[in-house]
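Heavy atoms only: backbone and side chains are in, while hydrogens, waters and symmetry mates are out. One-based numbering along the sequence shown.
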Amino acid sequence: MKNLFLRLTLSILMVFSATNCSELEDLYQDPDGFSKAQADAAGVSIIAGYFTSQLTRGFFLRGEYGASYHQLRSGSRVMGTGVQLYYTTADYGLSLVLRDVENDWGSNAFNRTVFNKINSDWIKQYLWAQKEYNKIPEADRTTSDELYMRLLHILKAVAYQRATDLYDEVPYFQTGTAGALDGEKAEWIGQEEIYPIILEEAKEIEAYLASLQLGSSEQTSFSQQDVIFNGNIMQWRKYINSLRLRWAMNVSEVQPSLTSTVLAELNGKPLFDQAEDVAGLADIAIVEPYRLQVELGITRAFRERADECRAPKRFLEDVLNCEPIEKSALVNGELLYYFDGDNSAQGLMDGTVDPRVAYLFSKDILGRYVGAETGWDDGSDPNSYYSKAMRGYYINHPIMTDISVTEITFGKPGNEMTIKLSEEAAGDLTKREAFLLKAFRTYCSQYQDIGWTIGTDRNMISEYNVRPQYNFDIRYPTLHAVESELLLAEAAVRGFGSGNAADHYKKAIELSCAYWYDKNANNTYSQQTTPSFPSNMDQSRIDRDRPSMEYNSSAYADFAAQQFNAMTDQEKVKAIFDQMQLHYNMFNFETPYATARRLIKYLGDNPGAPFDTFAWKERMLYNPNIQATDPEAWAQISQHDDYNLPLWFTGRQTKWSNVLE
């Protein structure tokens with residue numbers, strides 16, 4: 001990725017050779033200030049400049065602090081990707097009431113990010129490039145002009161797919177038009193109209209690339225301008241075909257014949273199929289290193305959202321086969337249960353526990369991979385999952401049997417924490433279980449263990465592993481080979497495509513294991529580098545979050561494939577979804593969210609794990625300013641501006657509701 005940073009720097013300097021360096025933002029971050037004369041003077045195509053600019057858009061093919069922050073915060077509540085204990089346990093002090101994710105702090109950013117991006121950051125490069133392209137006489141258009149414009153058409157399609165999947169109707173400009181720059185008014189159309197358009201356009205562009213031959217100078221220029229795939233035409237073909245696969249499966253509930261047609265067309269075509277096949281750009285490729293940690297990078301979002309870095313039980317146990325070891329104790333005549341470790345030590349070695357447990361998650365201070373649930377736990381069940389996790393801290397301590405012991409200290413040297421008994425519990429052994437259970441639940445639920453900080457060595461339940469998150473070289477995975485394999489598996493299960501579903505499922509697991517091991521083990525950053533791990537992370541945690549070895553992913557994938565083959569078709573599709581959400585985890589909310597909504601009809605339930613305390617969102621809401629700025633458009637879309645209304649591609653008219661709705 002360091003080389004990518006250098007290549008991009010050189011690419012920009014090509015344009016800058018004829019301009020002042022202070023104009024960098026004008027040239028690449030503001031297309032309105034990027035002129036044909038400047039491009040000609042620098043010896044680079046203006047369309048190439050717009051192409052590179054589009055690739056570097058914030059939250060498009062890379063992360064972005066603000067957008068990532070809000071999607072982590074609100075997205076986790078909708079999908080259960082990470083657990084915010086204060087909304088899942090009564091011990092924080094909140095009650096079991098239905099909350100509206102629309103009105104939490106920062107909800108406007110969560111709702112409107114993609115809509116605002118599609119109407120500004122993600123479309124104007126395309127419009128300006130199209131305007132310049134249209135001005136060039138057909139006979140004078142170079143191969144490079146055509147290539148960059150075609151790829152901008154694909155990127156435009158990606159932008160519209162992301163927007164329409166969240167809002168349905170969006171202001172759309174036809175491919176080949178410069179739209180608003182030529183005085184045209186956008187047409188508000190939705191998923192039903194957009195999907196057939198982008199599927200067909202992508203098919204044509206991939207066919208164009210399959211027959212394209214670049215000269216040496218054209219290839220050199222393309223390699224410099226293409227900061228995503230380094231000028232590799234095959235990677236672009238694989239990306240486009242993988243996009244078509246995603247889009248075809250997205251419409252499978254409402255247009256199954258179109259899905260089958262596209263799957264047939266993709267048969268034999270190159271797709272993302274390698275661990276490093278990822279459409280994404282690392283922040284460090286375009287952001288100054290010293291600004292990443294404190295200001296602009298997605299790692300800042302992770303640092304500030306430590307409260308949802310608690311590991312979901314459903315990932316650890318239900319997907320990765322990492323199960324707590326449950327034991328019991330007789331206390332005051334009542335049989336109580338607790339978690340005393342887990343099965344990972346043996347399971348990682350014999351292929352019955354998924355290696356990604358060690359790559360993506362971090363043990364708690366008792367050495368357990370034990371997470372948390374997204375369902376509500378009010379503490380009334382002494383043997384709930386959360387209570388069993390907390391009971392493991394004290395049940396075998398002398399405080400339970402020795403009247404003279406009135407406090408318990410736990411944690412690692414230098415990070416010790418202490419809980420003292422109340423006067424009543426200190427004087428009565430029979431009162432201690434109830435007191436300690438409540439005390440430990442409250443201590444963890446109120447984040448007194450980690451102090452709202454990711455990466456401490458004090459976490460009382462398992463958290464996300466900090467090393468993949470704080471890898472500044474990671475290319476934000478907007479689309480990865482794992483998704484392609486999982487979609488092929490789903491297509492085979494549901495009869496849309498050929499092939500062996502279990503083979504694709506197995507390969508997806510192997511690819512994901514290889515990808516996340518690499519991002520963790522080969523993370524070269526530390527607290528001394530620039531950018532760096534945050535200074536308030538514990539060095540021992542950073543060290544122990546690195547896996548001690550690379551486990552045998554093939555052995556585990558074989559084991560998982562055997563489990564997969566024993567499932568019903570619906571269970572297989574649910575397992576496929578779980579693998580996709582696990583793989584993208586905190587890095588990609590939108591793809592699992594779209595997949596969950598479209599699968600509710602087929603599965604008969606929501607495959608995600610929304611918090612009980614939050615209303616389910618079927619879509620995002622528009623910016624209400626549209627009513628004043630474009631009354632005609634508002635008259636069209638206002639009737640759909642309702643997060644309880646399912647989108648077209650779901651095939652549903654009825655909202656999915658959680659237990660409180």
Side-chain angles (χ1 to χ4, degrees), residues 72 76 79-85 88 299 302-303 305-325 339 341-349 352-374 385-386 389 392 412 444 449-450 453-471 474 477 482 509 512-521 523 533 537-538 540-551 553 556 560 578-588 592 609:
L72 281 171
S76 283
M79 290 294 292
T81 304
V83 181
Q84 302 164 7
L85 284 175
T88 63
T299 54
F302 296 144
R303 185 182 76 243
R305 295 308 308 158
D307 37 343
E308 69 233 26
C309 287
R310 309 281 193 174
K313 172 260 185 185
R314 73 184 188 95
F315 282 168
L316 294 178
E317 186 171 348
D318 303 341
V319 182
L320 300 173
N321 287 300
C322 185
E323 300 177 357
I325 296 172
F339 292 147
D342 60 60
N343 66 336
S344 64
Q346 182 63 38
L348 286 169
M349 299 306 297
T352 57
V353 169
D354 194 313
R356 288 170 293 178
V357 164
Y359 309 159
L360 282 170
F361 297 100
S362 181
K363 296 178 180 179
D364 65 23
I365 53 177
L366 292 181
R368 310 172 302 179
Y369 287 113
V370 173
E373 297 180 299
T374 54
Y385 189 90
Y386 187 49
K412 299 184 178 182
C444 186
D449 57 335
I450 65 172
T453 301
I454 182 66
T456 72
D457 208 6
R458 297 162 54 94
N459 53 300
M460 292 175 65
I461 58 175
S462 186
E463 291 183 341
Y464 275 96
N465 192 306
V466 298
R467 293 180 60 86
Q469 287 183 6
Y470 279 88
N471 189 338
I474 195 169
V482 167
I509 291 173
S512 184
C513 288
Y515 181 80
W516 287 115
Y517 175 77
D518 175 74
K519 300 314 165 201
N520 184 321
N523 185 344
F533 280 85
M537 281 188 182
D538 196 291
S540 62
R541 169 71 181 275
I542 297 171
D543 293 340
R544 73 176 169 92
D545 271 3
R546 188 186 191 281
S548 59
M549 61 180 290
E550 184 172 11
Y551 299 100
S553 62
Y556 175 76
D578 288 341
Q579 291 291 341
M580 183 182 296
Q581 188 181 18
L582 170 71
H583 177 73
Y584 283 137
N585 56 81
M586 300 179 74
F587 285 86
N588 184 337

Check whether [X] reaches the backbone of [Y] with its side chain - one donor and one acceptor, N or O, closer than 3.5 Å.
X      : Y      : value
Trp516 : Pro468 : no
Asn523 : Arg467 : yes
Asn520 : Asp518 : no
Ser553 : Cys513 : no
Asp354 : Tyr556 : no
Ser462 : Val370 : no
Arg458 : Asp449 : yes
Asn343 : Gly347 : no
Asp545 : Asn465 : no

Using the six-membered ring wherever Trp is involved, compare the ring planes of Phe302 and Tyr470 and label them parallel, tilted or perpendicular (cut-offs 30° and 60°).
-> perpendicular
Applying side chain to side chain donor-acceptor pair (under 3.5 Å) to Asn588 and not counting sequence neighbours gives Thr591
Do [X] and [Y] have side chains that approach each other closer than 4.5 Å (heavy atoms only, starting at C-beta)?
X      : Y      : value
Glu308 : Val83  : no
Glu373 : Tyr386 : no
Phe315 : Tyr464 : yes
Cys322 : Phe361 : no
Glu550 : Pro355 : no
Asp342 : Glu323 : no

Shortest non-hydrogen separation from [X] to [Y] and the atoms involved:
X      : Y      : value
Val482 : Ser512 : CG2-N, 3.5 Å
Gly392 : Arg368 : CA-NH1, 4.2 Å
Tyr385 : Pro324 : OH-CG, 3.7 Å
Asn321 : Thr352 : CB-O, 3.4 Å
Ala306 : Ile454 : CB-N, 3.3 Å
Phe587 : Gln469 : CZ-CA, 3.9 Å

How long is the gap from [atom1] on [X] to [atom2] on [Y], to the nearest 0.5 Å?
X      : Y      : atom1 : atom2 : value
Ser362 : Ile542 : OG    : CD1   : 11.0 Å
Ile450 : Ile461 : CD1   : CD1   : 8.5 Å
Leu360 : Leu320 : CG    : CG    : 7.5 Å
Asn459 : Cys444 : CG    : SG    : 8.5 Å

Less than 4.0 Å between a side-chain N and a carboxylate O, is that true for Asp457 and Lys412?
-> yes
CE/Met349: more than 12 non-hydrogen atoms of other groups inside 6.0 Å | no
Using the six-membered ring of Tyr359, assess whether NZ or CZ of Lys519 lies under 6.0 Å from its centre and within 45 degrees of the ring axis.
->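 Geometry flag: not set, cation outside 6.0 Å or 45°.
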Answer with yes or no whether the side chains of Thr81 and Gln581 bring together a donor and an acceptor at under 3.5 Å.
-> yes
Between Arg356 and Tyr517, is a side-chain contact (heavy atoms from CB on, under 4.5 Å) present by the stated rule, with each step listed?
-> CA-CA 8 Å; Arg356 288 170 293 178; Tyr517 175 77; over 6 Å; no
Mind running side-chain contact (heavy atoms from CB on, under 4.5 Å) on Gln84 and Arg305 for me, showing each step along the way?
-> CA-CA 9 Å; Gln84 302 164 7; Arg305 295 308 308 158; 4.0 Å; yes
Given salt bridge (Lys or Arg N to Asp or Glu O under 4.0 Å), test Asp578 with Arg314 step by step and report yes or no.
-> CA-CA 9 Å; Asp578 288 341; Arg314 73 184 188 95; 3.5 Å; yes
Go through Asp318 and Lys313 one step at a time and tell me if the side-chain contact (heavy atoms from CB on, under 4.5 Å) criterion holds.
-> CA-CA 7 Å; Asp318 303 341; Lys313 172 260 185 185; 3.2 Å; yes
For salt bridge (Lys or Arg N to Asp or Glu O under 4.0 Å), just list the numbers for Glu463 and Arg541, CA-CA rounded to whole Å, side-chain angles, deciding distance to a tenth of an Å, and then say yes or no.
-> CA-CA 11 Å; Glu463 291 183 341; Arg541 169 71 181 275; 2.9 Å; yes
